[in-house]
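Written below as structure tokens is the structure these notes are about.
Since the model is a prediction, treat every value here as computed from it, not as a measurement. In the text below, chain A, chain B and the rest are named by the order of the sequence lines, each starting its count at 1. Worth knowing before you read on, the calculation uses all heavy atoms, side chains too, and leaves out hydrogens, waters and symmetry mates.
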Protein chains: 2
Amino acid sequence: MDTKTALLESAERLARQRGFDAFSYADLSRNVGIRKASIHHHFPTKADLAAELVTRYRETFMAELSAIEQRERTAGQQLAAYFDVYKSAMRGGAQVCLCVSFSVSVSSFAPLVVRQINRFHAESLAWLERVFERGKAEGSIALVGDPSEEAQACLAVAEGAQLIARASGQMSDFDGAVRVIAQRIR
Amino acid sequence: MDTKTALLESAERLARQRGFDAFSYADLSRNVGIRKASIHHHFPTKADLAAELVTRYRETFMAELSAIEQRERTAGQQLAAYFDVYKSAMRGGAQVCLCVSFSVSVSSFAPLVVRQINRFHAESLAWLERVFERGKAEGSIALVGDPSEEAQACLAVAEGAQLIARASGQMSDFDGAVRVIAQRIR
DNA sequence: CCATACCTACCAAGTAGTAGGCAGGCAATA
DNA sequence: TATTGCCTGCCTACTACTTGGTAGGTATGG
């Protein structure tokens with residue numbers, strides 16, 4: 001892996017574990033094994049790092065959702081896979097979604113970063129809305145009301161469930177919060 | 001208001017706006033109008049401040065839920081009031097629940113603080129479970145499945161909805177995420 | 001030859017926290 | 001009543017350390 005990617009990976013893990021304000025270039029330096037000053041060669045300011053982090057995260061995440069859409073047959077299975085993405089990304093309750101972490105400290109970010117977070121939410125909602133629409137049509141998700149509203153609730157549940165599981169460190173809390181929706185998959 | 005309370009109020013607002021790691025004793029000093037060093041007289045370390053903050057927050061919040069339980073007649077109206085507490089506490093999308101903010105950076109807190117956060121979640125769940133149980137019995141909330149699972153989903157929705165609304169700065173996003181549940185109130 | 005990627009050695013500003021002093025209130029005591 | 005002494009709450013002045021960031025140099029490979 002090239003150094004820049006290694007820095008991004010390390011920064012993403014730290015941001016998702018502790019929050020963006022709670023890690024420093026010194027931490028990255030230790031993790032990646034280059035001097036602190038050298039990091040500025042790849043990311044001149046920490047704001048630059050934040051921007052690249054959130055953009056990369058959104059792109060990767062949306063690529064995963066696209067892959068799910070092609071891989072899984074029914075909308076119900078797609079929804080189950082959506083929850084699984086978050087679940088495995090949480091590493092057993094040790095971290096949360098980058099956008100969850102960034103949302104809290106949104107006021108310390110540049111507009112560009114905030115826009116990426118909102119775009120993440122918007123694209124997630126659009127994907128989920130499609131899923132609920134198909135799930136309703138084909139019957140692979142039970143009790144579907146308005147797909148748009150279902151999508152909004154589902155995104156909120158997924159993000160909130162992460163917070164609760166992060167606090168307790170127990171993935172069973174994530175499962176518990178998601179169950180009411182997951183049970184509707186046929 | 002006495003100085004200690006003023007410090008707690010200011011710290012709570014800053015923590016909920018930016019996160020606990022993103023404000024300093026210097027910020028409190030400016031807001032409250034005493035010297036930075038004097039803050040250590042009230043809170044020897046920032047960890048002490050975190051502990052008092054989260055304890056006070058949990059107690060205040062639970063007192064509000066008790067008040068709702070006594071004030072509102074039906075379980076449905078109690079649930080509506082629950083969402084309203086969060087809504088008005090968000091100050092138009094400028095901040096989130098303290099425990100939402102703290103959950104992200106849980107790894108930088110002492111066990112005592114983490115325990116308070118989990119207790120907040122546990123007590124919220126217990127309260128919500130009672131509400132869904134009564135709502136099911138009296139018919140003031142429609143389509144109630146297992147009250148415990150409903151409660152877990154509802155807490156997750158409330159917390160997740162805050163994150164999304166915080167990122168966009170629009171309270172309509174909170175309303176949108178909560179709607180699927182709120183619509184079930186009869 | 002020159003760009004890339006790294007280095008050492010800094011810097012100014014900000015971080016939590018400490019040491020020690022001082023003013024005023026309050027309460028026990030002479 | 002006057003005096004003593006302690007406690008609370010704040011102050012100035014400081015420390016040790018970390019923060020993001022800069023300046024300028026060097027090695028290496030196309």
Whole-Å distance between dT22(D) C1' and Tyr25(A) OH?
-> 13 Å
Flag the pair Glu59(B) and Arg119(B) as a salt bridge only when some basic side-chain nitrogen lies within less than 4.0 angstrom of an acidic carboxylate oxygen.
-> no
Please state whether the phosphate of dA5(C), meaning OP1 or OP2, lies under 4.0 angstrom from any side-chain nitrogen or oxygen of His41(A).
-> yes
What's the CD1-P distance between Ile39(B) and dT15(C), to the nearest Å?
-> 11 Å
Starting at CG of Asp21(A) and ending at P of dG20(D), how long is that distance when rounded to a whole Å?
-> 9 Å
May I ask you to say what Phe43(B) touches in the nucleic acid, namely base, sugar-phosphate or nothing, with a heavy-atom cut-off under 4.0 Å?
-> nothing
Separation of Asp27(B) atom CG from dT15(C) atom P, in whole Å?
-> 6 Å
Atom-pair distance (NZ on Lys36(B); P on dG17(C)), nearest Å = 10 Å
Please state whether the phosphate of dA5(C), meaning OP1 or OP2, lies under 4.0 angstrom from any side-chain nitrogen or oxygen of Thr3(A).
-> no
Check whether any side-chain nitrogen or oxygen of Ser24(B) sits under 4.0 Å from OP1 or OP2 of dT15(C), and answer yes or no.
-> yes
Whole angstrom is fine here: how far is it from NZ in Lys46(B) over to P in dC17(D)?
-> 20 Å
Any Lys/Arg nitrogen of Arg130(A) or Glu69(A) sitting under 4.0 Å from an Asp/Glu carboxylate oxygen of the other?
-> yes
Could you tell me whether Ala37(B) contacts a base, only the sugar-phosphate backbone, or nothing, with contacts defined as non-hydrogen atoms closer than 4.0 Å?
-> base
How close or far is atom P of dG20(C) from atom CZ of Arg35(B), stated in whole angstroms?
-> 21 Å
Please state whether the phosphate of dG9(D), meaning OP1 or OP2, lies under 4.0 angstrom from any side-chain nitrogen or oxygen of Ser38(B).
-> no
Should the heavy atoms of other residues, nucleotides or ligands under 6.0 Å from CZ of Arg73(A) be counted, would the total exceed 12?
-> no
Taking only N and O in the side chain of His42(A), is any of them less than 4.0 Å away from OP1 or OP2 of dC6(C)?
-> yes
Charged N to carboxylate O below 4.0 Å: is that the case for Lys87(A) and Asp84(A)?
-> no
Mind calculating the distance between NE2 (His40(B)) and C1' (dA13(D)) to the nearest angstrom?
-> 14 Å
Centres of the Phe102(A) and Tyr57(A) rings: under 6.0 Å?
-> no
